[in-house]
Protein chains: 2
Amino acid sequence: MPERKPRKDAVRNRAAVLEAADALFARCDRPDDVTMADIAAEAGVGKGTLFRAFGDRVGLIRALYEARLEPVEEAVTSGPAPLGPSAPPHLRVPALLDALLCFKLDNRHLALALEGTGSDSPYGAAHYERWHALLRGLLEQVPGHGDGGFAAHALLAATRADLVEHLAGRESVPRDRLRAQLADFTAGVLGTRREPA
Amino acid sequence: MPERKPRKDAVRNRAAVLEAADALFARCDRPDDVTMADIAAEAGVGKGTLFRAFGDRVGLIRALYEARLEPVEEAVTSGPAPLGPSAPPHLRVPALLDALLCFKLDNRHLALALEGTGSDSPYGAAHYERWHALLRGLLEQVPGHGDGGFAAHALLAATRADLVEHLAGRESVPRDRLRAQLADFTAGVLGTRREPA
DNA sequence: AACAATACGGACCACCGGTCCGCTTTGCAA
DNA sequence: TTGCAAAGCGGACCGGTGGTCCGTATTGTT
């Protein structure tokens, strides 16, 4: 059994750090304004604790991001239609993208902090791989597409955190309008765009 | 006459710095491995010279990027079809995106360095505004589209530097295949996809 | 109660972007 | 050619950041 049970204070501190980091990222708009020392202070722990628990800055942000994303992934892998596996591809694809967009809207600070990690591109993250593989598989079930792999990347790129931030934040595009625009774009890609009124 | 003629050594050093930076970024794959001190040393000047000439790191990278991009923009604004203004929108849009993709393939290191500037999103840059406005205008001339603004953002997002790097670099997708994939995706968005053979 | 094992925390380090100011180069003018 | 102010130079220097280290405090097990 390589798994050793962690100590109580360890798990308590880990939780405290995650909560503190979330609060700080939500408060400040520039993600790099939040330093590791800030997070440690807010959580009431020492800096060493942060790095022991999460390895480095990216690890901390990633842990936070994936914790927040987990409910969405749960809904995708084993929830009801249109997000869950029971939905037909041409309905599930836009539902997935909408869910992702909503998630990024609701967690702009986190998504921005994670994707803006400079040296570490979003394309190395495990969750990106999962989403891409899922989307690719669905796209290839929709007729009239050559390579679903690139289309999947392109559609995911349309929900990139800094683009969302630019539109929703800087240009103040309302949430529902953005969702409608993404849905419209997705429909175009799928070839299922509705007739103009 | 607010313009004062710059001294000779100033222009010589400026050119040397740009060349040195280009070489260093091309050599190393991680853009932040290249420090300002490295660039200064490679160019044979002092660090102060870098900052006086370009303001800060972003300024230097941006200057380099825009210098390299300028021929492409020239071809777009006043060249022949299909890139120039004489081409009809449904041909010019894919031509523009292809040109952009090729540019990013040929200048991966630069594009990566510029877009990976962390705190500074690509959406604030002047050249992004130009490309977006142009693309949006063209898209709105193609029938069957609601808001060309979002579609323009999404298409541009499909050529983001880190995505290109991931596909062309990490996954070794050959240049022509990538171009074909982007062309196919673009055709889908425009509703001009050709019949499967 | 005693004692490993584990975790804590903040002093400490290396390094980076950016500033500053005494010195050199340039080019105009006499 | 010489004189001279302005423009430019460069590298020591600074503030601050991510990340490390190790003496000390906290666990929980016997």
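Hydrogens, waters and symmetry mates play no part in the numbers below; they use all other heavy atoms, side chains included. Sequence lines set the chain letters: A, B, ... in the order given, protein chains first and strands last, and positions in each chain run from 1.
Every residue two or more places apart in sequence or in another chain was checked for a side-chain hydrogen bond (donor to acceptor under 3.5 Å, both in side chains) with Y65(A), and none qualifies. For H90(A), there are no ring pair (Phe, Tyr, Trp, His ring centres under 6.0 Å) partners two or more places apart in sequence or in a different chain. For the side-chain contact (heavy atoms from CB on, under 4.5 Å) test, no residue two or more places apart in sequence or in another chain qualifies with A133(A). Listed by chain and number, the residues in a side-chain contact (heavy atoms from CB on, under 4.5 Å) with A37(A) are T35(A), K47(A) (sequence neighbours excluded). By the side-chain contact (heavy atoms from CB on, under 4.5 Å) test, V142(B) is found to be paired with P89(B), H145(B), L190(B), residues two or more places apart in sequence or in another chain being considered. With sequence neighbours excluded, no residue forms a side-chain hydrogen bond (donor to acceptor under 3.5 Å, both in side chains) with R170(A). With sequence neighbours excluded, the residues forming a side-chain hydrogen bond (donor to acceptor under 3.5 Å, both in side chains) with R179(B) are D98(B), listed by chain and number. Listed by chain and residue number, R108(B) satisfy the side-chain hydrogen bond (donor to acceptor under 3.5 Å, both in side chains) test with E165(B) (two or more places apart in sequence, or in another chain). Checked against side-chain contact (heavy atoms from CB on, under 4.5 Å), Q181(A) has the following partners two or more places apart in sequence or in another chain: V173(A), R177(A), D147(B), F150(B).
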Taking only nitrogen or oxygen atoms into account, show me every contact under 3.5 Å that the protein makes with nucleotides 26-30 of chain D, one pair per line with its distance.
from, atom 1, to, atom 2, distance (Å)
dT26(D), O2, R7(A), NH1, 3.0
dT26(D), O2, R7(A), NH2, 3.3

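No side-chain donor from either of E73(A) and T77(A) sits under 3.5 Å from a side-chain acceptor of the other.
Rounded to 10 degrees, the angle separating the terminal helix axes of the helix from dA1(C)-dT30(D) to dA30(C)-dT1(D), each built from five base pairs, is 0°.
Atom CD1 in I39(B) sits roughly 16 Å away from atom P in dG11(D) (whole-Å rounding).
Position along DNA chain C of the nearest nucleotide to R14(A) versus G55(B) favours R14(A) as the more 5'-ward residue.
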Protein within reach of the bases, or only the backbone? For nucleotides 9-17 of chain C, mark each nucleotide 5' to 3' as B, S or -, using heavy atoms under 4.0 Å. BBB----SB

